[in-house]
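No hydrogens, no waters, no symmetry mates; every other heavy atom, side chains included, goes into these values. Below, read A as the first sequence line, B as the second, and so on, with proteins coming before strands; counting in each chain starts at 1. From a predicted model like this one, the values you see are computed outputs, not experimental measurements.
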Number of protein chains: 2
Amino acid sequence: MEVELKEMMNDLDSLMQSLTDPSHRAPIDKLKLRVERLANFGNFGPSRRTKVKDMSAEVVDSNPYSRLMALQRMGIVQNYERIREFSVAIVGIGGVGSVAAEMLTRCGIGRLLLYDYDKVELANMNRLFFRPEQVGMTKTDAAVQTLSDINPDVVLESFTLNITTVQGFETFMSSLKNKSFHPNKQGSGVDLVLSCVDNYEARMAVNQACNELNQTWMESGVSEDAVSGHIQLLIPGETACFACAPPLVVASGVDERTLKREGVCAASLPTTMGVVAGLLVQNTLKYLLEFGQVSPYLGYNSLKDYFPTMEMKPNPQCSNSACQQRQKEYLLVKPARDAATKAKMEAEASSSMEGPLHLDNEWNISVVDDTEPDRIDVKSSDALPEGLTHELPSADEFQTVCTPEAPVSAIDDIEELRRQLDALNST
Amino acid sequence: MEVELKEMMNDLDSLMQSLTDPSHRAPIDKLKLRVERLANFGNFGPSRRTKVKDMSAEVVDSNPYSRLMALQRMGIVQNYERIREFSVAIVGIGGVGSVAAEMLTRCGIGRLLLYDYDKVELANMNRLFFRPEQVGMTKTDAAVQTLSDINPDVVLESFTLNITTVQGFETFMSSLKNKSFHPNKQGSGVDLVLSCVDNYEARMAVNQACNELNQTWMESGVSEDAVSGHIQLLIPGETACFACAPPLVVASGVDERTLKREGVCAASLPTTMGVVAGLLVQNTLKYLLEFGQVSPYLGYNSLKDYFPTMEMKPNPQCSNSACQQRQKEYLLVKPARDAATKAKMEAEASSSMEGPLHLDNEWNISVVDDTEPDRIDVKSSDALPEGLTHELPSADEFQTVCTPEAPVSAIDDIEELRRQLDALNST
């Protein structure tokens with residue numbers, strides 16, 4: 001539209017020059033004014049919100065951050081403005097990832113990295129975020145368009161690529177390592193990776209990247225029947241990685257293109273995906289801004305409004321070598337960390353019995369309370385909390401199936417295994 | 001913008017007529033073409049999604065309902081297309097109500113009635129839905145603009161009014177009674193009212209209207225510190241009404257304008273509000289389309305990811321006379337209903353042990369299972385489920401305070417009571 005308006009202005013200028021009668025100049029000047037006014041309309045001018053230098057707590061209608069800075073006055077968050085220092089990568093800009101991106105953008109996150117290779121379709125309109133006029137755009141372009149209008153303070157970087165391809169994975173890795181936003185940051189260039197993908201292969205790619213980079217991440221998923229979902233926190237070496245245990249109550253791993261080809265499709269609902277995105281970003285805010293208890297795993301069964309929680313320890317026999325390496329490193333630092341946590345908790349308990357919870361919780365370790373989640377040892381995971389089932393075989397079985405000699409049949413074989421499991425579950 | 005483009009076209013037409021040299025007509029024709037193209041841009045033409053006559057389950061990218069109709073094939077919903085017959089009224093188009101409206105719109109609800117009197121401000125941008133370019137518009141106008149673009153199949157009716165004023169309440173009542181959308185519908189003209197307001201007075205107004213009309217409704221609220229919320233189902237005569245018991249974990253009743261005047265403001269988060277909206281609309285879909293278990297009350301404590309549930313029986317001494325009348329009516333029909341439900345359950349149990357849950361659940365009664373919610377007798381409600389507290393005094397106390405002789409001081413007195421309760425809770 002901007003291009004169209006510029007060309008219109010050029011047309012009017014050349015028309016003006018070709019006219020000999022000066023009385024015709026006034027109407028053309030009037031038309032030029034109208035074009036200028038159109039250029040200032042909607043997203044192209046002054047009504048677009050301008051950047052804000054500092055987050056103010058001032059209570060005026062024109063302050064987009066007043067309701068967030070109020071979290072400090074309420075004693076929930078110690079320093080809300082720290083949110084501008086954080087970088088979050090979101091892999092998969094679908095029904096969950098796009099809403100997660102919008103929530104973080106409205107919260108004023110420092111920088112968002114967005115990854116997707118798909119295009120917006122009318123078939124996506126039953127979930128929040130994308131609009132019909134964006135049909136045909138890549139999801140990354142459409143997301144950048146919407147998010148930059150909502151909050152121009154957020155640094156947006158988008159990557160239109162498939163992380164399960166060799167080249168896509170390389171670009172994904174190097175983008176996570178890029179420290180230009182925060183040159184002095186320890187570790188990778190991002191503070192958290194959110195996986196919002198809809199298939200097993202992409203989750204395994206995120207898992208591989210995060211294990212290699214020692215990068216904490218959160219997993220999310222919604223079931224194929226649209227009525228349940230989950231979020232999960234994964235800290236390399238400290239919690240189970242995605243290859244340590246078969247995934248729990250997870251989207252089925254059936255690629256949407258496969259479904260379309262077969263003339264069937266997975267169901268989805270804006271409610272379930274909105275709830276899962278909300279729980280995911282709430283956990284992200286608790287993790288980054290250090291308040292409340294960060295959930296290691298939280299399920300959502302919408303038919304019963306049942307929300308199981310649990311923790312999963314890493315599998316010492318995990319088939320992922322980077323995970324094994326991170327486990328060894330964690331065992332070395334664990335005694336010192338435990339001692340530091342204990343000392344800190346004792347100091348807090350003696351100095352003040354009131355005050356906000358976990359003001360300074362460097363490792364985001366939550367105190368075990370009476371609603372303690374079930375702790376699962378992945379090697380003896382027959383005893384799962386009520387309502388949770390394994391949706392896929394273990395990663396070991398998966399990797400046996402995915403022999404390099406027969407990569408093409410891999411997905412079909414997993415499909416077959418999944419169907420067998422489903423059949424078992426439904427009896 | 002449409003106006004601007006039309007006037008531009010008129011200007012070009014009159015310029016064309018005033019020109020004597022025919023060689024100048026071509027550039028003007030070109031300009032007119034450009035204006036037409038602009039008029040077709042964005043929301044003003046063919047890229048806007050057209051109406052769909054029937055909901056199709058066909059799996060093509062261009063079908064906006066394929067992922068919803070898939071709920072039938074998955075055995076979740078028996079007849080998804082029934083959603084087009086339902087009317088839902090949403091009172092309060094703020095952080096929860098606007099997202100609830102968007103979810104229902106994307107689900108293809110038949111008709112939405114929207115009520116609010118407020119305008120969009122930049123201070124609302126930390127919650128989902130509204131965009132900075134809508135600042136200054138009424139929330140109802142901005143919502144209709146966005147929702148009609150997303151799904152033109154939904155019939156939208158908006159009411160820019162305050163339901164707590166005498167005239168606003170009258171218009172609210174008559175709009176709920178209007179049956180033009182479904183002339184043969186029993187009861188009122190809507191199937192469900194969703195209360196998404198942020199203050200006690202407005203909730204009491206919704207309660208009064210629904211008790212008078214014998215209208216089932218759902219209540220929602222988010223706490224002033226932004227980290228907890230709840231949803232609640234209210235069936236006049238059958239469950240507690242809003243006046244039967246003091247509200248539980250509810251938004252504080254502090255009006256945003258009061259807060260602004262005092263230079264303080266309540267905190268809010270897009271995550272908490274998105275989760276509450278998602279749980280509210282999920283309960284709405286379960287109620288309307290008869291699947292899963294409709295939750296009578298569901299709380300959300302985001303700091304601990306704790307979700308308490310319970311049921312509240314009506315208070316035989318409720319101060320609301322319409323509630324008392326509905327309770328009497330319910331006691332008369334209850335024995336026949338209980339018998340019908342029991343017979344139906346036995347028939348279902350004997351005919352088929354499998355199959356979808358509650359295919360034909362006319363009264364939306366859920367089977368008591370092992371995750372049975374706590375049942376609260378409002379007259380002995382000292383024993384609340386863990387994590388729930390009364391946020392306000394009981395309605396009886398409220399109505400004692402609200403004597404007609406001193407209506408102006410009422411809000412201040414409630415404020416004072418609330419502050420005293422908060423002080424008690426924080427010790």
- Approximate separation, where rounding is to 0.5 Å, of K30(B) NZ and L15(A) CG: 10.5 Å

- Roughly how far apart are L122(B) CG and Y65(A) OH, rounded to 0.5 Å? 10.5 Å

- Quick one: do Q293(A) and D305(B) satisfy side chain to side chain contact (heavy atoms under 4.5 Å, CB included)? Show the steps, please. CA-CA 8 Å; Q293(A) 293 169 12; D305(B) 282 332; over 6 Å; no

- Less than 4.5 Å apart, any side-chain heavy atom of L128(B) and any of V99(A)? yes

- Message: Please give me the minimum heavy-atom distance between L71(B) and D225(A), naming the atom from each residue.
- Response: CD2-O, 3.6 Å

- Query: Taking the side chain as C-beta and beyond, is there a heavy-atom pair between I150(B) and M125(A) under 4.5 Å?
  - Reply: no

- Which atom of K286(B) lies closest to which atom of S302(A), heavy atoms considered: NZ-O, 2.6 Å

- Query: Closest heavy-atom contact between A266(A) and R73(B)?
  - Reply: N-NH2, 4.5 Å

- Query: Taking all non-hydrogen atoms of both residues, which atom of F129(B) and which atom of E102(A) are closest, and how far apart?
  - Reply: N-OE2, 3.7 Å

- Task: Could you tell me which portion of N151(B) (side chain, backbone, both or neither) has an atom closer than 4.5 angstrom to a non-hydrogen atom of chain A?
- Result: neither

- Message: Counting only non-hydrogen atoms closer than 4.5 Å, does V227(B) touch chain A with its backbone (N, CA, C, O), its side chain (CB onward), both, or neither?
- Response: side chain

- Output the option from G108(A), S66(A), S268(A) having the highest count of non-hydrogen pairs under 4.5 Å with chain B. S268(A)

- Interface moiety of V281(A) toward chain B, non-hydrogen atoms closer than 4.5 Å: both

- Query: Under 3.5 Å, is there a donor-acceptor pair between the side chain of R106(A) and the main chain of R127(B)?
  - Reply: yes

- Query: Does any heavy atom of chain A fall under 4.5 Å from the side chain of N63(B), the backbone, both, or neither of them?
  - Reply: backbone

- Note: A267(A) and M74(B) closest approach over all heavy atoms is N-CE, 3.8 Å

- What part of S14(B) gets closer than 4.5 Å to chain A, counting heavy atoms only: side chain, backbone, both or neither? neither

- Query: Is there a side-chain contact between P27(A) and D11(B) (heavy atoms, below 4.5 Å)?
  - Reply: no

- Message: If you count heavy-atom pairs within less than 4.5 Å of chain A, which of T272(B), V276(B), L280(B), V135(B) leads?
- Response: T272(B)

- Message: How long is the straight-line distance from OH of Y300(B) back to CG of L279(A), given to the nearest 0.5 Å?
- Response: 5.0 Å

- Item | Distance (rounded to the nearest 0.5 Å) between L269(A) CG and M103(B) CE | 10.0 Å

- Task: Look at A226(A), A70(A), A123(A) and state which one has the largest set of heavy-atom pairs under 4.5 Å with chain B.
- Result: A123(A)

- Query: Once you round to the nearest 0.5 Å, how far does CG of L12(B) lie from CG of L31(A)?
  - Reply: 5.0 Å

- Query: Mind checking whether D149(A) and R131(B) have side chains closer than 4.5 Å, heavy atoms only?
  - Reply: no

- To the nearest 0.5 Å, what is the distance between OG1 (T309(B)) and CZ (F307(A))? 9.5 Å

